[in-house]
> 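Could you have a look at this structure, given as structure tokens, before my questions?
Predicted, not measured: the structure shown is a model, and the values here were computed from it.
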Amino acid sequence: DLRIQSFASAPDFVHQLVGGAVLSPDGTTVILRLLAPDLNAIKSQSLICTIRSNCYISFSSNFLLDMAGNSVVSVDPNAVDALFLLVQTLVVDSTRPNVTSFDL
């Protein structure tokens, strides 16, 4: 479970990812490819992940395993002392939009 939100406290927008793929090899960095529904939901909001300072994540302990097979320590958004992680590298989308379907 991975959530993306606009601010660490009192976010304007929070989105729970529905899926995706891990692109990075084993290591200390996780690179994700988002699914189209997640990407579209995030892009529809003007104040989330447009710059590094409005892009935070939180996740449960079942989000991923370390190289030894141990669960990651969760960043629980419901905890009173919740700690949200600021995204370290944000790659701005430069792909032009295209029509994938339409109805008349």
> Can you get from Leu64 to Phe59 by hopping between Ile, Leu, Val, Met, Phe, Trp and Tyr side chains that sit under 4.5 Å apart?
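Cluster IDs for Leu64 and Phe59 match.
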
> Testing the basics here: between Phe13 and Ile42, what is the closest heavy-atom pair and its distance to 0.1 Å?
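The pair with the smallest heavy-atom distance is CE2-CA, 4.4 Å.
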
> Any side-chain heavy atom of Thr29 within less than 4.5 Å of one from Ser24?
no

> Which atom names give the shortest non-hydrogen contact between Asp26 and Met67, and what distance separates them?
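Closest pair (atom of Asp26, atom of Met67, distance): CB-SD, 3.4 Å.
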
> Main chain of Leu47, side chain of Thr50: is a donor-acceptor contact present, judged purely on distance under 3.5 Å?
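Side chain of Thr50 to backbone of Leu47: no pair is present.
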
> What are the two closest heavy atoms between Leu90 and Cys55, and how far apart are they?
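Distance-wise, the nearest heavy atoms are CD1-SG, 4.2 Å.
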
> Under 4.5 Å between side-chain heavy atoms, counting indirect links through other Ile/Leu/Val/Met/Phe/Trp/Tyr residues: same cluster for Leu34 and Val22 or not?
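Leu34 clusters together with Val22.
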
> Check the pair Phe7 / Asn54 against side-chain contact (heavy atoms from CB on, under 4.5 Å), numbers first and verdict last.
CA-CA 5 Å; Phe7 300 102; Asn54 70 3; 4.2 Å; yes

> In sequence, state the C-alpha distance, the side-chain angles, and the governing distance for His15 and Leu17, and then conclude on side-chain contact (heavy atoms from CB on, under 4.5 Å).
CA-CA 6 Å; His15 179 72; Leu17 296 184; 3.7 Å; yes

> Give me the atom names and distance for the closest heavy-atom approach of Gln16 to Asp38.
O-OD1, 3.9 Å

> Compare every heavy atom of Ser71 with every heavy atom of Ser61, then report the nearest pair and how far apart it is.
O-CB, 3.3 Å

> Given side chains that start at C-beta, do those of Tyr56 and Ile4 come closer than 4.5 Å, heavy atoms only?
no

> Considering non-hydrogen atoms only, spot the tightest contact between Arg52 and Val87 and give its length.
NE-O, 2.8 Å

> Does Leu32 reach the side chain of Leu2, with side-chain heavy atoms less than 4.5 Å apart?
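In contact.
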
> Would a single hydrophobic cluster contain both Leu39 and Val18, if residues Ile, Leu, Val, Met, Phe, Trp and Tyr are joined by side-chain heavy-atom contacts under 4.5 Å?
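Different clusters: Val18 never reaches Leu39 through Ile, Leu, Val, Met, Phe, Trp or Tyr contacts under 4.5 Å.
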
